[in-house]
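Counting convention: from 1, in listed order, for ligands and their atoms alike. Here the structure is a predicted model, which is why all the values come from computation and not from measurement.
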Amino acid sequence: MEIERILIPSDRLQERVKELAREIDAAIGESRETDLVLVGVLRGAFIFLADLLRALDTPAAVDFIAVSSYGGGTQSSGDIRITQDLTASIRGRDVILVEDIVDSGLTLQALIQHVGVHRPRSLRSCALLSKPDRRVVAIEADWTGFEIPDAFVIGYGLDYAERHRGLPYIAILRAPEASLD
Ligand code: IMP
């Protein structure tokens, strides 16, 4: 088994997603924004985005953007490539980038720059998880679900080499070296 221990159980995830949705609803209600687009960062954010969308009262369109940076390992290469771009125009719209986790911060930084070029009315970000100790660039999502320690985590959409995305909780991966045959 590649799981060391459960870090965030399923009920706590669901509770926090609902809280984030209330915070986003409140922020959007205040500024009377109506044309909300959730942009999910593939693939890790797809489960979080699906739950967040269903918890929001504000109607939102959905689009996805895919990036690659890790090449199957657990360290960011720092080389962020857009492998699938937005499908609809976001010009003049209110965009929230929905990320699974902010680690070095390089992906979020690159995405904000890339998406910003398309002239949205507003551009904010919501990350389920953040590992502040790992930051290489000083960046935070506008909304963060949980700050976690410096450990590689899996589940609830997050993978290790494409495995474990379907786990209903967030777990710490056993050190990869230890699980090699
Ligand atoms: P960053 O560019 O270093 O901030 O990395 C962001 C991306 O790396 C995330 O969107 C994830 O896809 C991946 N990532 C970073 N840490 C983890 C982790 O602990 N588990 C799974 N994926 C991770």
Peer 1: How does T107 reach ligand 1, by side chain, by backbone, by both or by neither, if only non-hydrogen atoms under 4.0 Å count?
Peer 2: both
Peer 1: With heavy-atom distances below 4.0 Å as the criterion, list the atoms of ligand 1 near D159.
Peer 2: 21 (C)
Peer 1: Does only the side chain of A151 get under 4.0 Å from ligand 1, or the backbone, or both, or neither? Count heavy atoms.
Peer 2: backbone
Peer 1: To the nearest 0.5 Å, tell me how far I65 CD1 sits from H114 NE2.
Peer 2: 4.0 Å
Peer 1: What atoms of ligand 1 come closer than 4.0 angstrom to any heavy atom of S104?
Peer 2: 1 (P), 2 (O), 3 (O), 4 (O)
Peer 1: For the atom pair CD (Q113) and CG (L108), what is the distance rounded to the nearest 0.5 Å?
Peer 2: 11.5 Å
Peer 1: With backbone taken as N, CA, C and O and side chain as the heavy atoms from C-beta onward, which portion of I80 lies under 4.0 Å from ligand 1: side chain, backbone, both, or neither?
Peer 2: neither
Peer 1: Determine, for E19 against R16, whether the closest basic-nitrogen to carboxylate-oxygen distance falls under 4.0 angstrom.
Peer 2: yes
Peer 1: For a side chain to side chain contact (heavy atoms under 4.5 Å, CB included) with L20, tell me which candidate from L52, L56, D25 qualifies.
Peer 2: L52
Peer 1: Provide the number and element of each atom of ligand 1 under 4.0 Å from a heavy atom of K131.
Peer 2: 16 (N), 17 (C), 18 (C), 19 (O)
Peer 1: Is there a polar contact between ligand 1 and I154, counting only N or O atoms under 3.5 Å apart?
Peer 2: no
Peer 1: Please name the residue in the list I170, L13, I101, V153 that meets the side chain to side chain contact (heavy atoms under 4.5 Å, CB included) test with F146.
Peer 2: L13
Peer 1: Hey, are the side chains of R12 and E15 touching, using non-hydrogen atoms and a 4.5 Å cut-off?
Peer 2: yes
Peer 1: Give the contacting part of V153 toward ligand 1: side chain, backbone, both or neither, where contact means a heavy-atom distance below 4.0 Å.
Peer 2: both
Peer 1: Taking the side chain as every heavy atom from C-beta outward, state whether D100 and V41 have any pair of such atoms under 4.5 Å apart.
Peer 2: no
Peer 1: Hey, is V41 one of the residues with a heavy atom under 4.0 angstrom from ligand 1?
Peer 2: no
Peer 1: Do NZ/NE/NH1/NH2 and the carboxylate oxygens of R22 and D57 come within less than 4.0 Å?
Peer 2: yes
Peer 1: Is V102 in polar range of ligand 1, meaning some N or O pair under 3.5 Å apart?
Peer 2: no
Peer 1: For E99, which part has a heavy atom under 4.0 Å from ligand 1: side chain, backbone, both, or neither?
Peer 2: side chain
Peer 1: Could you check whether any side-chain heavy atom of S125 comes within less than 4.5 Å of a side-chain heavy atom of E99, counting everything from C-beta outward?
Peer 2: no
Peer 1: For G44 and ligand 1, answer yes if some heavy atom of the residue is under 4.0 Å from a ligand atom, otherwise no.
Peer 2: no
Peer 1: Just to check, does L108 reach to within less than 4.0 Å of ligand 1 when the distance is taken from its heavy atoms?
Peer 2: no
